[in-house]
Protein chains: 2
Amino acid sequence: MTVGILGGGQLGRMLALAGYPLGLRFVIVDPSAEACAGRVAPLLNQDYLDPSRVTDTLRSLDVVTYEFENVNSDSPWLCGDVPVYPPTAALRVMQDRLAEKTLFSELGIDTPDYFAVDSLTDLHDAIARTGFPAVLKTRRFGYDGKGQYVLSSSSDVADGGGLSTGRPLILESFVRFDRELSIIAVRSARGETAFYPLIENLHRDGILRRSVAPVPSAPSSLQANAEAIAARILERLSYVGVLAIEFFQLGEKLLANEMAPRVHNSGHWTIEGAETSQFENHLRAILGLPLGSTAARGLAGMVNLIGDIPRHEDILAIRGAHLHAYDKSPKPGRKVGHVTLVCEDRDELMSRISQVEGLLV
Amino acid sequence: MTVGILGGGQLGRMLALAGYPLGLRFVIVDPSAEACAGRVAPLLNQDYLDPSRVTDTLRSLDVVTYEFENVNSDSPWLCGDVPVYPPTAALRVMQDRLAEKTLFSELGIDTPDYFAVDSLTDLHDAIARTGFPAVLKTRRFGYDGKGQYVLSSSSDVADGGGLSTGRPLILESFVRFDRELSIIAVRSARGETAFYPLIENLHRDGILRRSVAPVPSAPSSLQANAEAIAARILERLSYVGVLAIEFFQLGEKLLANEMAPRVHNSGHWTIEGAETSQFENHLRAILGLPLGSTAARGLAGMVNLIGDIPRHEDILAIRGAHLHAYDKSPKPGRKVGHVTLVCEDRDELMSRISQVEGLLV
């Protein structure tokens, strides 16, 4: 069976590497000839809207999926006779922060207060309700903290939060959370669902730096709550594939912050730290195969390598360090790899994480 | 860094899949256009003795390795300016059962009695010393039980054991072993060594069917003995890479049977069942990187899929089953995949192994 993947970044690369042992083949579509997934699978180097070779290629594919949520839903790759998973209806919801938050509200899922902002008047009205600080975000095409601005005072409001006018925005109340968590959920084309253990995430400058799973020191109800939230979303959207949901934790309460209709950086630890990786389960799901166990294997930590990769020998000298180098050229702020650490003891895990982080500049 | 691999079968394929996360690139050389490693890495489709494109390609490689021991040591791929690991001297020893057994003897490693057989007279003389039954083997190019004949009586001897004359042979005493074991050892270009836990292997018709590791119910001295044997061989050959040694166990005694200068079928369980797989450690070794931990993660079982692969959904419905399909066309007797099972409890492991074996015809 052959899977088409829109997007040739590290997520597409890791999907292909997880799929080869299942005997799958892949076609990667990416407008960049340097796409790192193209190092491990055949690359169709063209824009997502370019119709050339689409019809012929689709004939050789069993299913189409994507590794990023900003793919234009008018892309001819999504409109052929080949099943597209996750469903494009889910994709559209998660491309728009307002639609996403509206879905949370409809399903009774707690989320920070939010207000659509299409004008300066809207912004003033919204601020009057949230107070300061508040977070102004573009509704579409944000990632890794891009398109997000914290408004701290009325002077920040005066210039529209630095956002160019005319783009649909959303204002959200600023949440003083205890910590950020996420859950990786999966639903198969046959309707089977599974949930990985909750993950604790640490962001800096809007970019995920570190994940630890299963989440340490959590009340026992937290996992059940997160799974119930995820299950409601999976069912409502007739979802197929891996879904990532990010939460703010306040005490025993979870506020849903955002979702991604794809494998997710906070789930990379599952390659070594769970019985079945998020990548393999995404493929099993979209092909209608039985899902694999999502149980953790010990305690896992994941450290992102941003900008550049330290010397391989220094990373690999750390006991239990699993290097994932994406074969991308170095660039400030770019995710170029990650390291996963797995062990049975939490203190030992944190010590190894510190050793990896000590190599980062 | 780019690694050249001679041989494009499943071992080359799994080497490439283990190397991509380290950021490595690969070139596979194989005379067959259908070589399954060529599905996951660039394939140079030519004979190993064909000199075309060798010089240019070698310029782009950092190291050359091989996935089968029958590569002709005169191959131009092995004679360039690029390091070849494991060293060709080790390759030559392991291409010849007599040289292999002689090395065992020189190093004081117990091995079944053996006698070179170059004529019918030699054969009669040898049989006079071993008695019946005895095993007559071709000295070179045997694999998966091919080129091995059990001689049970003088009528088997009369026709030279069914072997065409003129090929160098070896007669070995027939060992009534308790069971067959193997160890996967590794030595890096920097001289670091590591040893995986002993593996129990089950063969049928000369083909490995099932491995279980770490070996069940073994006296505590067995692992130490096997490691000491492996260490002697690694040092003597200034070996670099993964080395597999197969043993017969008789009580607390190990008889070395044969070796392979490469990753080995009995080590496939290490992908999920050890902290670092044999494939990754082979690559770390030949690139002079620190070796990864060889510790087991729970108990592992590996079942070979011979001839054809059962329905994927049936395999994946078994809890904890990790499918490795090699993307090879079905053919009687051909290794086309394997399934690894990992868990903490031995009874549960054996039950899951039985479930997989129940799917095999």
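A, B, ... follow the sequence lines: proteins, then strands. Residue 1 opens every chain.
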Peer 1: For the CD1 atom of A:Ile286 and the CG atom of A:Leu15, what is their distance to the nearest 0.5 Å?
Peer 2: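 So the gap between those two atoms works out to 7.5 Å.
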Peer 1: Considering only heavy atoms and a distance below 4.5 Å, find which of A:Pro21, A:Pro42, A:Ala325 pairs most often with chain B.
Peer 2: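 When all of A:Pro21, A:Pro42, A:Ala325 are compared, A:Pro21 has the most.
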Peer 1: Heavy-atom distance under 4.5 Å to chain A: side chain of B:His338, backbone, both or neither?
Peer 2: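 No part of it gets close to chain A.
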Peer 1: Which region of B:Leu289, side chain (C-beta onward) or backbone (N, CA, C, O), has a non-hydrogen atom less than 4.5 Å from a non-hydrogen atom of chain A, or is it both or neither?
Peer 2: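 Contact with chain A involves the side chain of B:Leu289 alone.
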Peer 1: Looking at CZ of A:Arg13 and CZ of A:Phe279, how far apart are the two atoms once the value is rounded to the nearest 0.5 Å?
Peer 2: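 Result: 11.5 Å between the selected atoms.
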Peer 1: Got a second to check how far B:Glu34's CD is from B:Leu43's CG, nearest 0.5 Å?
Peer 2: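 Answer rounded to 0.5 Å: 9.5 Å.
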Peer 1: Can you tell which part of A:Ala41 gets under 4.5 Å to a heavy atom of chain B, answering side chain, backbone, both or neither?
Peer 2: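 Contact with chain B: none, neither part.
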Peer 1: Between B:Asp56 and B:Arg53, is there a side-chain N and carboxylate O pair less than 4.0 Å apart?
Peer 2: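 No, no charged N to carboxylate O under 4.0 Å.
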Peer 1: For A:Ala295, which atoms come within 4.5 Å of any heavy atom of chain B: side chain, backbone, both, or neither?
Peer 2: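 Side chain of A:Ala295 only, per the 4.5 Å heavy-atom cut-off to chain B.
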Peer 1: Verify the distance criterion only: is there a donor paired with an acceptor across the side chains of A:Glu272 and A:His324 at less than 3.5 Å?
Peer 2: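 Checked: A:Glu272/A:His324 side chains pair up, N/O donor to acceptor below 3.5 Å.
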Peer 1: Measure distances from A:Arg297 to the heavy atoms of chain B and classify the residue's part below 4.5 Å as side chain, backbone, both or neither.
Peer 2: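 Both parts, heavy atoms under 4.5 Å.
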Peer 1: With chain A as the partner, which of B:His312, B:Arg319, B:Arg25 has the greatest number of non-hydrogen pairs under 4.5 Å?
Peer 2: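 With the most close heavy-atom pairs to chain A, the winner is B:Arg25.
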Peer 1: So which of B:Met14, B:Glu275, B:Lys328 has the biggest tally of heavy-atom pairs under 4.5 Å with chain A?
Peer 2: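 Heavy-atom pairs under 4.5 Å are most numerous for B:Glu275.
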Peer 1: CG of A:Leu22 to NE2 of B:His322: how many Å apart, nearest 0.5 Å?
Peer 2: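 Going from the CG atom of A:Leu22 to the NE2 atom of B:His322 covers 10.5 Å.
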